[in-house]
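Here is the structure we will look at.
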Protein chains: 2
Amino acid sequence: MAWDTERTKALLLQAATSEFCTRGLAGARIDRIAAEAGVNKERIYQYFGNKNALFDAVIVAALSSLMDEVPIEGSGPEAMADYAGRLFDHHQKDATAPRLLFWEGLERGTEVVGLPKRMANCASKVNSTIAALPGVSREDAGDLLITIVSLCDAAPVLPALDGLMAGAEPGRAERRRAAVVRTVYLAAAALAAEAKAPAATA
Amino acid sequence: MAWDTERTKALLLQAATSEFCTRGLAGARIDRIAAEAGVNKERIYQYFGNKNALFDAVIVAALSSLMDEVPIEGSGPEAMADYAGRLFDHHQKDATAPRLLFWEGLERGTEVVGLPKRMANCASKVNSTIAALPGVSREDAGDLLITIVSLCDAAPVLPALDGLMAGAEPGRAERRRAAVVRTVYLAAAALAAEAKAPAATA
DNA sequence: AACAATTACAACTACCTAGTTGGAAACTGG
DNA sequence: CCAGTTTCCAACTAGGTAGTTGTAATTGTT
């Protein structure tokens, strides 16, 4: 049997993604990750360093692949609303990215510099896609993106909130999706309108 | 020295709130909570049962006091926007409630029935305040509330997202606050307009 | 003052956890 | 075929971890 280092690494990363996604950094167990990957846990320390570094690798991989799977296409308010809808759908099917994002925010909140530094490659992608609203300032566009991510990512992480506020009728997810898309459209359209008539709003 | 049971309970709850807020359920340490409260940890098991039950007590206390401190006052789109602004400000000063809410969502996500059951008293408060938009259906009003909570609570939990998307200029929090308030106002106003002219939108 | 119930706590248990080590098996270049 | 290197893993270490227990101090009640 030939040593397939890359396969071993990939198996570990996959198992680690699942474990960190469901249990977070503090709740994850190195032994469980190794067992699920069918690999000796000592490999983790050789390939990734330690638990924290493995968590970093998982986050970067998950967010990078998310940005490839759900790209921002086109420009204008409709494009932003469409992006929000696709992001919502993606997270509904697979909540890995939003869960990891919130784990990172909660467990690493103090070291604020952390994520942006590690996600430098993503930052460039954000910067290029942030121009999807012509005429809108960089800061306003960034705010709109934060709004989109907040709405789409919070939904799968806070099911209890949804149950408490909106009940649990069938087709609930569709309704929530529509509300998110409409809210994003309204916010984006308002920014676009302001861009055309800068003095119209106080 | 007289035994002051209530004081001991309060000290434990306060220390537990701080510990769970910063470290979550899996990351919190019973020994640390007891030490910070200056109380023997055995008291925790007598008064609250176990770690999970203590976490429950902390969440219920925190969310209940939040709903008292930041009430929904008045009705109409302006009232909802004002509520969002006050909620944002409160969470900016003290991120305890949003952090606990997300910890609960992440670490207890599978047992969806959990929070609504334990927050039955809060549910009634939600139901009464949900009528703050006259003419709007219960479900649409609930969706608006979810939007408000998502936007206001995600902000202090995801500082890295803000740094990545919007940089770190002075007065950044003010700008984000304005964006949230405006987005909420637009969403609420759209619902109100629909209520007056039901057939106007597809 | 004597009794039962409650509150307090130090010490303890049984188990788990991240990280290490020493050596065996498999690959690589010559 | 044969050193030298890399991959692999079982067993180990050292330090936690939630939860329990035995006992002493305090309290209200009679």
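Bear in mind that the values here come from a model prediction, so they are computed numbers and not experimental data. Residue numbers begin at 1 in each chain, while the letters A, B, ... track the order of the sequences.
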Output the rounded distance in Å from [atom1] ([X]) to [atom2] ([N]).
X: B/Ile44; N: D/dT17; atom1: CD1; atom2: C1'; result: 13 Å
X: A/Leu25; N: C/dT17; atom1: CG; atom2: C1'; result: 13 Å
X: A/Phe55; N: C/dG19; atom1: CZ; atom2: C1'; result: 19 Å
X: B/Arg23; N: D/dA18; atom1: CZ; atom2: P; result: 12 Å
X: A/Gln46; N: D/dT5; atom1: CD; atom2: P; result: 16 Å
X: A/Tyr45; N: C/dT17; atom1: OH; atom2: C1'; result: 8 Å
X: B/Asn50; N: D/dT17; atom1: CG; atom2: P; result: 17 Å
X: A/Asp4; N: C/dT28; atom1: CG; atom2: P; result: 11 Å

Report task. Please name all residues satisfying salt bridge (Lys or Arg N to Asp or Glu O under 4.0 Å) with B/Asp94, sequence neighbours left out, ordered by chain then number. Result ->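 So B/Asp94 forms no salt bridge (Lys or Arg N to Asp or Glu O under 4.0 Å) with any residue.
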Requested in this report: Verify side-chain contact (heavy atoms from CB on, under 4.5 Å) between A/Tyr83 and A/Leu145, making sure each step is shown before the conclusion.
Outcome: CA-CA 10 Å; A/Tyr83 171 66; A/Leu145 257 184; 4.0 Å; yes
Query raised in the report: Ion pair present between B/Glu139 and A/Arg175, side-chain N to carboxylate O less than 4.0 angstrom?
Result: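 A/Arg175 and B/Glu139: salt-bridged.
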Query raised in the report: Are any of the side-chain nitrogens in A/Glu104 or A/Arg99 under 4.0 Å away from the carboxylate oxygens of its partner?
Result: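 No, no charged N to carboxylate O under 4.0 Å.
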Please determine whether a side-chain nitrogen or oxygen atom of [X] lies at a distance below 4.0 Å from atom OP1 or OP2 of [N].
X: B/Thr8; N: C/dT7; answer: no
X: B/Thr5; N: C/dT6; answer: no
X: B/Tyr47; N: C/dT6; answer: no

Query - Test item: side-chain donor near acceptor, B/Arg176 and A/Thr147, under 3.5 Å - result: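 Yes.
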Report task. Taking only heavy atoms on the protein side, list every residue of residues 30-42 of chain A lying under 4.0 Å from any atom of DNA chain C, sorted numerically. Result ->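 Residues of residues 30-42 of chain A under 4.0 Å from DNA chain C: A/Ile30, A/Lys41, A/Glu42.
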Requested in this report: Fit a plane to each ring of B/Phe102 and A/Phe102, take the angle between them on a 0 to 90° scale, and name the class: parallel (under 30°), tilted (30 to 60°) or perpendicular (over 60°).
Outcome: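 Rings of B/Phe102 and A/Phe102: parallel, as their planes differ by under 30°.
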Query - Heavy-atom neighbours of B/Gln14 CD exceed 12 at 6.0 Å - result: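 Not more than 12 within 6.0 Å, no.
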Requested in this report: Taking atom CZ of A/Arg138 as the centre, report whether more than 12 heavy atoms of other residues, nucleotides or ligands fall under 6.0 Å from it.
Outcome: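 Count over threshold, so yes.
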**Report entry** Any side-chain heavy-atom pair of B/Tyr185 and B/Glu78 under 4.5 Å
**Finding:**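 They are in side-chain contact.
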**Report entry** Estimated bend of the helix from C/dA1-D/dT30 to C/dG30-D/dC1 (axis per five terminal pairs, rounded to 10 degrees)
**Finding:**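 The end axes of the helix from C/dA1-D/dT30 to C/dG30-D/dC1 are about 20° apart, to the nearest 10°.
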Requested in this report: May I ask you to say what B/Arg29 touches in the nucleic acid, namely base, sugar-phosphate or nothing, with a heavy-atom cut-off under 4.0 Å?
Outcome: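 Answer is sugar-phosphate: B/Arg29 comes under 4.0 Å of backbone atoms only.
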